[in-house]
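To start, the structure under review is shown below, and the notes come after it.
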Amino acid sequence: MERWIQIGWRRRRDAREQLRTAYDMLASMGTAAFSERAPLATGEHARKRTVEPQDQLTPQERQIARLVRDGARNQEIAAQLFISTSTVQNHLVKVFRKLGVTSRTQLARARVD
């Protein structure tokens, strides 16, 4: 039994390089849930992934934020995206909270890619 544990541990250590590569690839693709599992399989502690505020935006929130940044009013955004002005406003509230801004002027300066 002890011999089996030693062999198993050695294989886990040998696998770390491949799992580190897998972790880096998965993390770069934005699949944090999967990337966190790779180091855990070898007994390593997962590195913390830094999340940029703009990465927290949904595609619709990002699109609305860009339109606001470009100077569009809520009514213009609603017409362009075929949604109501209240939906635009709801998305903007979420965008402001996620980016930590309090005005359209600050949003215009924020990095929204």
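We number each residue from 1, following the sequence as shown.
In this structure, NZ on Lys94 lies 10.0 Å from CD on Gln60, to the nearest 0.5 angstrom. Rounding to the nearest 0.5 angstrom, the gap separating the CZ atom in Arg109 from the OG atom in Ser103 is 7.0 Å. Atom-to-atom distance recorded for Gln89:CD and Phe96:CZ is 7.5 Å, nearest 0.5 angstrom. Distance CD/Gln80 to CD1/Ile64: 10.5 Å, rounded to 0.5 Å.
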Next item on the list: Could you walk me through whether Ile77 and Arg73 pass side-chain contact (heavy atoms from CB on, under 4.5 Å), step by step?
Entry: CA-CA 6 Å; Ile77 296 169; Arg73 298 176 321 167; over 6 Å; no

Next item on the list: Determine, stepwise, if the pair Leu67 / Leu81 fulfils side-chain contact (heavy atoms from CB on, under 4.5 Å).
Entry: CA-CA 10 Å; Leu67 291 168; Leu81 300 180; 4.2 Å; yes

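Scanning for side chain to side chain donor-acceptor pair (under 3.5 Å) contacts around Gln106 gives Thr102, with sequence neighbours left out. Scored by the side chain to side chain contact (heavy atoms under 4.5 Å, CB included) test, Arg66 finds Arg62, Arg69, Val112 as partners (sequence neighbours excluded). Thr85 is linked by a side chain to side chain donor-acceptor pair (under 3.5 Å) to nothing, counting only residues two or more places apart in sequence or in another chain.
Using modelled atom types, one side-chain atom of Lys98 and one backbone atom of Gln56 make a donor-acceptor pair closer than 3.5 Å. Proximity of a side-chain donor or acceptor of Glu61 to a complementary backbone N or O of Thr58 within less than 3.5 Å is detected.
Nearest approach of Leu99 to Ala110, heavy atoms of both residues: CD1-CB, 4.3 Å.
Between Leu107 and Leu92 there is a side-chain heavy-atom pair separated by less than 4.5 Å.
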